[in-house]
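Every heavy atom of this structure was used, including side-chain atoms; hydrogens, water molecules and symmetry mates were not. Here is the naming used below: chain letters follow the sequence lines, and residue numbers restart at 1 for every chain.
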Protein chains: 2
Amino acid sequence: MAGEGRTEGSGKSGQLDFPRPLTTVDVVIFAILDDRLQVLLVQRPAGEGEPFPLSLALPGGFVDVAKDRDLAACAARKLQEKTGVTSPYLEQLGSWGSATRDPRGWSATHAYFALVPTQASVLTSDARWCPISGGRLKEKLAFDHGDILATAIQRLRNKVEYTSLPAYLMPAEFTLPDLQRVYEIVLDRPLEKSAFRTRILSADMIEPVAKMRRGPNRPAQLYRLKKSKEPVYFVRTFNPPE
Amino acid sequence: MAGEGRTEGSGKSGQLDFPRPLTTVDVVIFAILDDRLQVLLVQRPAGEGEPFPLSLALPGGFVDVAKDRDLAACAARKLQEKTGVTSPYLEQLGSWGSATRDPRGWSATHAYFALVPTQASVLTSDARWCPISGGRLKEKLAFDHGDILATAIQRLRNKVEYTSLPAYLMPAEFTLPDLQRVYEIVLDRPLEKSAFRTRILSADMIEPVAKMRRGPNRPAQLYRLKKSKEPVYFVRTFNPPE
DNA sequence: ATAGTTAGTTGTACAGTCCAACTTACTTAG
DNA sequence: CTAAGTAAGTTGGACTGTACAACTAACTAT
């Protein structure tokens, strides 16, 4: 272990000559598929010296100081590499760093969380969607990625309570019942139809398109997201959450 | 610059032999002093090779892979070193990393934000409280610490709108009007007395002590925080914030 | 035609804020 | 001893938006 992670220190003062932690970025990518909330996971490689070989993990990896201008660019790059999606909702989740989370040494990861619209993803071969049931993932993950994912789910649920975040999970055109269903999937509880409609429609975040969704029942109005960048924050949560 | 930040890579696979970013932790420490929101800042040292010599900056510094078990411990250590305070409110704020934020090379900082009770601080000589007026700081800060501070102020204001966070800024015993005043200082707008009282009292977060605050007017009931760990989240914000 | 299902509306109850006036308890000036 | 002043704390009506539940609307399938 001696000398690992120690910098050579070319500066005149030599003050940078001390061990540096490893720096990575990981991305929790959510989508709605099969009427469930799913997260994108990759399988760890099996090479020599690789930690957690063949385990499932969040997509991510080391910051490339040559390629990545900043952390957000690094996260966007990893999202793009895995899903082909370029500009969905991408928010910083937090960072996790400790001496023990990576067997290769003191490491810190910067975690992001992304919401991608249904159907828009072209996955790489090592990546796959895994359903989240009951607010948890079945599988065990590499590193502390289970903790990171749990935090992401909690953050998502929390924000869905009072923001328009689920709009970023929708396809280009959708109906109000579609949107309500996504809220309900994420929150894992039913919502009031009329209060939901009032809230969404008065938030000025979606606009009707001149089409209806036709089906076996009464047709439903189709909407699309207005091209407003920021999510909407409501001044109340839905139900008293407990 | 050549070779700076490059690790020696002692592992058998050699896959860790690439440049590592610098890793730091910075803490935004808030307190109420002189009826204003203030933030703790330190003066940068003036030594050879030091960036931003003598500028004001957030307290923080490099992660010490020998001393710091994890990021939160590192933040707590820096808080303790500067203020002598041990266990106030400490929350992760986010991370900032880019090729350009530190002239010494690609660096990433993990920012925390802390709320410390009025009067409980014993500062080191290089640290001082600086008032935030109109939601901004007068002084320019080193690195991107101005951005980090702005984010912290925004986060604080945002959360104060629907949480009990200001309780962590209060001294051991305080009155309801005291607490309301702190809310108003942070939000920079007046709040409704009766709605405020109803909200706080029904939140089960404070309990009366058997004493009154006496003054030139009608005495006010003194309260203290219940020893509940987590802040309370309200289901509404106060005013429609705009 | 009729039953079934989902979309969407309507109306009453209720919770909590907003606003403003009010009562209470103290100090200080005359 | 009283009166004025001030801040603490209460009360009540208006308003906003959710909860709940019943309703109407529009379509398909039998």
Side-chain angles (χ1 to χ4, degrees), chain A residues 35 160-164 166 170 173-185 187-224 232-242, chain B residues 35 160-164 166 170 173-185 187-224 232-242:
Chain A
D35 212 42
V160 164
E161 201 76 59
Y162 60 91
T163 70
S164 64
M170 306 305 291
E173 298 186 347
F174 55 90
T175 68
L176 275 175
D178 289 345
L179 181 59
Q180 180 172 349
R181 179 71 191 130
V182 172
Y183 270 85
E184 291 174 340
I185 289 170
L187 293 177
D188 199 25
R189 72 166 193 268
L191 294 180
E192 240 305 299
K193 186 169 47 163
S194 62
F196 181 82
R197 297 177 67 91
T198 307
R199 169 181 288 210
I200 299 295
L201 290 176
S202 62
D204 191 44
M205 51 181 270
I206 59 177
E207 55 193 3
V209 298
K211 269 188 293 183
M212 305 292 276
R213 155 89 46 84
R214 319 207 33 112
N217 315 311
R218 174 171 174 173
Q221 179 65 53
L222 280 167
Y223 293 87
R224 69 169 162 234
V232 176
Y233 284 73
F234 306 111
V235 298
R236 296 193 196 177
T237 61
F238 277 107
N239 281 325
E242 51 244 61
Chain B
D35 211 42
V160 164
E161 201 76 58
Y162 59 92
T163 70
S164 64
M170 306 305 291
E173 297 185 348
F174 54 89
T175 67
L176 276 175
D178 290 345
L179 182 59
Q180 181 174 349
R181 179 71 191 128
V182 171
Y183 270 84
E184 292 174 340
I185 289 170
L187 293 177
D188 199 25
R189 73 166 193 267
L191 294 181
E192 241 304 301
K193 186 168 46 163
S194 62
F196 181 82
R197 297 177 66 90
T198 306
R199 170 181 288 209
I200 299 296
L201 289 176
S202 61
D204 191 45
M205 50 180 272
I206 59 177
E207 56 193 1
V209 298
K211 267 188 293 184
M212 306 292 278
R213 155 89 46 84
R214 320 206 33 111
N217 315 311
R218 175 173 174 170
Q221 179 65 54
L222 280 166
Y223 293 87
R224 69 169 163 232
V232 176
Y233 285 72
F234 306 111
V235 297
R236 296 193 195 177
T237 61
F238 277 107
N239 280 327
E242 52 244 60

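When heavy atoms are screened at a 4.0 angstrom cut-off, A:T175 is found touching no nucleic acid atom at all. Nucleic acid contact class of A:S194 (heavy atoms, under 4.0 Å, all strands): base.
Separating the CZ atom of B:R197 from the C1' atom of D:dA8 is a distance of 7 Å, rounded to the nearest angstrom. Atom CD in A:E161 sits roughly 12 Å away from atom C1' in D:dT18 (whole-Å rounding). Atoms CG (A:L179) and P (C:dA7) sit 13 Å apart, rounded to a whole Å.
Between B:K193 and B:R236, the residue anchored closer to the 5' end of DNA chain D is B:K193, taking for each the nucleotide with the nearest heavy atom. Nucleotides of DNA chain C nearest to A:A220 and A:E192 differ in position, and the one nearer the 5' end is that of A:A220.
Of all non-hydrogen atoms in B:P219 and B:R214, the two that sit nearest each other are CG-NH1, 4.3 Å. The nearest pair of heavy atoms linking B:Y183 to B:L191 is CB-CD1, 3.7 Å.
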How does protein reach along nucleotides 24-30 of chain D, written 5' to 3' as B (base within reach of a heavy atom under 4.0 Å), S (only sugar-phosphate), or - (no contact)? -BBBS--

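With B:F174 as the aromatic partner, B:R181 does not meet the cation-pi criteria of under 6.0 angstrom to the ring centre and within 45 degrees of the ring axis.
Side-chain contact check for A:L176 versus A:L201: some heavy-atom pair is nearer than 4.5 Å. Using a 4.5 Å cut-off on side-chain heavy atoms (C-beta onward), B:D178 and B:Y223 make no contact.
The residues A:R189 and A:E161 are annotated as salt-bridged, a charged nitrogen and a carboxylate oxygen being separated by less than 4.0 angstrom.
Donor-acceptor pairing under 3.5 Å, judged by distance alone, is absent between the side chain of B:R199 and the base of C:dT17.
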